[in-house]
Amino acid sequence: MSARMFPAGVPIGKRLVDLLLTVPGLLILLPVMGVVAAAVLIVDGPPALFRQKRPGLRGEIFTVFKFRTMRGGQDETGRPLPDSQRVTRLGTFLRATSLDELPELWNVLRGEMSIVGPRPLLIEYLPR
């Protein structure tokens, strides 16, 4: 077994539960994820996935994957517009149904996240 499959400091039982839920979950939800990805591409254009660096266990940085729910946009000074102005109609639906979070199952499979546990915060909150 690889170190990634059983990350150091993660109880083996918890990791096994993650794998037992994630592998069948990914197989079952793969068609749904395909439809969501296609909808994002058709309605909002590429890319379908949003990637962001987040701190994981012991502050180790990893890339979290989600379906994209916002478009880019900046004001006249180059600062990003408020989220409320950038979230798309499809994005609102995806967030309300939590479908935007399905790609995070890949992070669970890789051992970067767990089904049960704290939500990875943004890197700027790491010192707190």
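Small disclaimer: the values here were computed from a predicted structure and weren't measured.
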Quiz item: Are side-chain heavy atoms of Met33 and Leu26 found at a separation under 4.5 Å?
Solution: yes

Quiz item: What distance do Met70 atom CE and Leu94 atom CG have between them, rounded to the nearest 0.5 Å?
Solution: 12.5 Å

Quiz item: Is there a side-chain contact between Leu122 and Arg54 (heavy atoms, below 4.5 Å)?
Solution: yes

Practice problem: Looking only at non-hydrogen atoms, find the nearest pair between Ala48 and Ala37 and report the distance. | Solution: CB-O, 3.9 Å

Quiz item: Do the non-hydrogen side-chain atoms of Val17 and Ile115 ever get within less than 4.5 Å of each other?
Solution: no

Exercise. State, with a plain yes or no, whether a side-chain heavy atom of Lys53 is found less than 4.5 Å away from one of Phe62.
Key: no

Quiz item: In the single-linkage hydrophobic clustering (I, L, V, M, F, W, Y; side-chain heavy atoms under 4.5 Å), do Phe65 and Val23 co-cluster?
Solution: yes

Quiz item: How would you list, by chain and number, every residue that makes a side chain to side chain contact (heavy atoms under 4.5 Å, CB included) with Val32, sequence neighbours excluded?
Solution: Leu29, Val36, Leu99, Leu102

Quiz item: Side chains of Val108 and Ser114: closer than 4.5 Å at any heavy-atom pair?
Solution: no

Quiz item: When rounded to the nearest 0.5 angstrom, what distance separates CD in Glu112 from CD in Glu104?
Solution: 11.0 Å

Quiz item: Should Arg110 and Trp106 count as side-chain neighbours, where that means a heavy-atom distance under 4.5 Å?
Solution: yes

Quiz item: Does anything in residues 25-47 pair up under side-chain hydrogen bond (donor to acceptor under 3.5 Å, both in side chains), and if so which pairs, sequence neighbours excluded?
Solution: Asp44-Thr88

